[in-house]
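We count ligands from 1, going down the list as the structure has it; atoms in each ligand are counted the same way.
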Amino acid sequence: MQNKQNRRQFLRFLGRTGLVIGAGGILGNLVACGGEETPKPSPTIPKPKPSTSLIEGIQHSSQDELVLAKGLNQQVLISWNDPISEKDQFGFNNDYLAFVPLDKNDPTDGLLWVNHEYVHPLFVSDYNEATNDNKTKEQVEKEMYSLGGSIVRIQKNKQGQWKVIENDPYNRRITAQTPIPFNWDSPIAGATEGIGTFANCSGGITPWGTILTCEENYDYYYGERVYDQEGKSSIAVREDGYGWEKFYNRPPEHYGWVVEVDVKTGEAQKHIALGRCAHECATMFETPDGRLVVYTGDDSNDEHLYKFVGDKPRDLKSGTLYVANTEKGEWISLNYDDQAILQEKFKDQTEVLVRVREAAKLLGATPLNRPEDIEIDPLTGHVLIALTNNKPKGDLLGEILKIEEGSEDKTSTSFKASTFLAGGEATGFACPDNMAFDNKGNLWFTSDISGSSVGKEAYAPFGNNGLFLVPSFGSQKGEVIQIASAPMDAELTGPFFSPDSKELFLSVQHPGELSKSKEELTSHWPNGGETLPKPSVVVISGETLDKIQNLS
Ligand code: FEO
Ligand code: CA
Ligand code: CA
């Protein structure tokens, strides 16, 4: 049996050589503690075998910090309310991120697009839902300004740090007051443009470098149009909504779309052909003949997964929208001309797209457990869909669904669906949400356990929300490794890699969301002390990220 002295020497030897053995356990944890002397290896210790480099994950955490795995560091890039120009500030609750280099040969200079998803009135408009009576128009307008998106120029300096270039001419805001045209030949609720975008959750990027930002829970702002049995409609306003309809009369049909933004000009358009629902994301694939295939999930209990297939190269107007029947492995056409049942119920294709949830159900679409983010595995071509959970159906922990399309160009109308990874204590995660692949082809994903559930009952084993890695190479291939844990009440969202995968841009959304008042804050992240919590974008880098890029 190894005595204490020999054991210490062995650990020092490992530290000196940098060799890492074993996942977790005492050796795994102590391996970094290198000694100052240079002892000889004990003759009682067997010669270490060549070993693949292991990525050490973290334990679940309930700290008010962004906790990272060893060998990673963080830098706050920008926070809510930071000035980006003389007239504009960074918005609230940052979610999807995309970095678009200004010159594709220079990965260190470009534009960062940031979604701003929803407001917390206590912080944004100083309106406490529990104690205040009537929200004022001025308060509503503060909320309207804080949503939509931000475009900021960022550059990496010689010390390897990313900085926002304040007052850069590219810096601008898109808000809930920005007019945005519809990419469609017929008017939508009587208009050819809508005012503003909000509820911008996740998104996607196009091969030509524009971004797609998705309007998810739009019904909290101006309500939703509902229909009775006779087909008469009215607007239903949510009791837990933000009350914007009291001051602005805007049709709900103008929201719930996928919005394309040119980050260089700020020009935007809403793509009607992709349908109207609580879009989580829009993930684009270009076929060899230049047509576009776009996957998008409708993130509500029992809603559906959609796929648009374009008719012409790089065109998002003419084409077919399909909805998935995952049991039969069929993409069902939502084309008015193809479906007699749609012709009975709706007057034209425009109405089908505006009321796409109803159309999908008439055609036998499969109800899913909150389809959130979608990514295409660059190594296998499989389409991965995060199904976060469906509490009324008893699915508390969610899964990642895998779709294998019937054709390589992804235009096929048949596919095979299976579970890729299930949430649970065995895998160490619950409620998967945003996903990203790094340059190497490793999968990263974040979790979205709702604020009120974190740490409770079925969610107790998982701690705060996190960021996870599933390596595609090495001895840990296919394992789920937790890489980061979010501050109190927060969710990590929008993971996006720099062009060389040297850095990961990540949103820390809604820290301190459960605070009852500014005097009873549940988080002070990122500035600590008694400061207000601030949603922020962080940059993660370090030797562990480099190591992950070199797994083989
Ligand atoms: Fe906004 Fe579905 O997360
Ligand atoms: Ca999300
Ligand atoms: Ca979510």
Is the distance from the ring center of Y255 to that of Y220 below 6.0 Å? no
Centres of the Y218 and H254 rings: under 6.0 Å? no
When you measure from atom 2 (Fe) of ligand 1 to the N, O or S atoms of E216, does any of those distances fall below 2.8 Å? yes
Do any of the N/O/S atoms of D433, backbone or side chain, fall under 2.8 Å from atom 2 (Fe) of ligand 1?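 So D433 does not bind atom 2 (Fe) of ligand 1 by this criterion.
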Hey, are [Y] and [X] close enough side-chain-wise for a donor-acceptor pair under 3.5 Å?
X    : Y    : answer
N73  : S541 : yes
Q549 : N439 : no
H304 : D298 : no

Ion pair check, D126 and K518, cut-off under 4.0 Å: yes
Please name the atom of D299, restricted to N, O or S, that is closest to atom 2 (Fe) of ligand 1.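 Atom 2 (Fe) of ligand 1 is closest to the D299 atom OD2, counting only N, O or S.
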Give the atom name of whichever N/O/S atom in E280 sits closest to atom 2 (Fe) of ligand 1.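 Minimum-distance N/O/S atom of E280 relative to atom 2 (Fe) of ligand 1 is OE1.
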N/O/S of E372 less than 2.8 Å from atom 1 (Fe) of ligand 1?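 Checking atom 1 (Fe) of ligand 1 against E372, no N, O or S atom falls under 2.8 Å.
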Has E117 got an N/O/S atom less than 2.8 Å from atom 1 (Fe) of ligand 1? yes
If you have a sec, read the angle at the Ca ion (ligand 2) from D433 atom OD2 over to E280 atom OE2, to 10 degrees. 110°
